[in-house]
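Everything quoted here is computed from the prediction, not taken from an experiment.
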Amino acid sequence: MAAEPEQAAAAQEVAVHIVYVYRPEDADPEEFHIRTLSPVLGSEEKVRDAVLYHYKHTASGFSTKLTAEQVEDL
């Protein structure tokens, strides 16, 4: 039972992740990334706080701070 609090704490630790997405050509990159991540984080405001960078040219995606549980949800 001692491991359960440690596992719960590890699941809540935030790490930076790079998320690659297929974005429709006519979609604005930042708005598409925000719409993609909003259901996971709960609001556009939380997404704007969590996203560190929007990749728009060479790759389609973003870097963001997420917990392990949020990564699974995404």
* So, do Y53 and T64 sit near enough that their side-chain heavy atoms are less than 4.5 Å apart? -> no
* To do: Provide the closest heavy-atom pair for K65 versus V16 in the form atom of the first, atom of the second, distance.
  => CG-CG2, 4.2 Å
* Which heavy-atom pair separates R23 from S60 by the least distance, and what is that distance? -> CB-OG, 3.3 Å
* Asked: Less than 4.5 Å apart, any side-chain heavy atom of R48 and any of S43?
  -> no
* Asked: Can you find a heavy atom in the side chain of F32 that is under 4.5 Å from one in the side chain of P24?
  -> yes
* To do: Give a yes or no on whether the backbone of V14 and the side-chain of T67 come within a donor-acceptor separation of less than 3.5 Å.
  => no
* Minimum heavy-atom distance A50-L41, with the two atoms named -> CB-CD1, 3.7 Å
* V51 with V71, same ILVMFWY side-chain cluster at under 4.5 Å -> yes
* **Residues E31, K56: salt bridge by 4.0 Å N-O rule** => no
* Asked: Would a hydrophobic clustering, with Ile, Leu, Val, Met, Phe, Trp and Tyr connected at side-chain separations under 4.5 Å, put Y55 with Y20?
  -> yes
* Connected via hydrophobic side-chain network under 4.5 Å: I18 and I34 -> no
* With under 30° as parallel and over 60° as perpendicular, where do the rings of H33 and F62 fit, or are they tilted in between? -> tilted
* To do: Looking only at non-hydrogen atoms, find the nearest pair between T36 and L74 and report the distance.
  => O-CD1, 4.1 Å
* May I ask you to decide whether R35 forms a salt bridge with E44, counting only side-chain N to carboxylate O separations under 4.0 Å? => no
* Do S63 and H17 have side-chain heavy atoms sitting under 4.5 Å apart? -> no
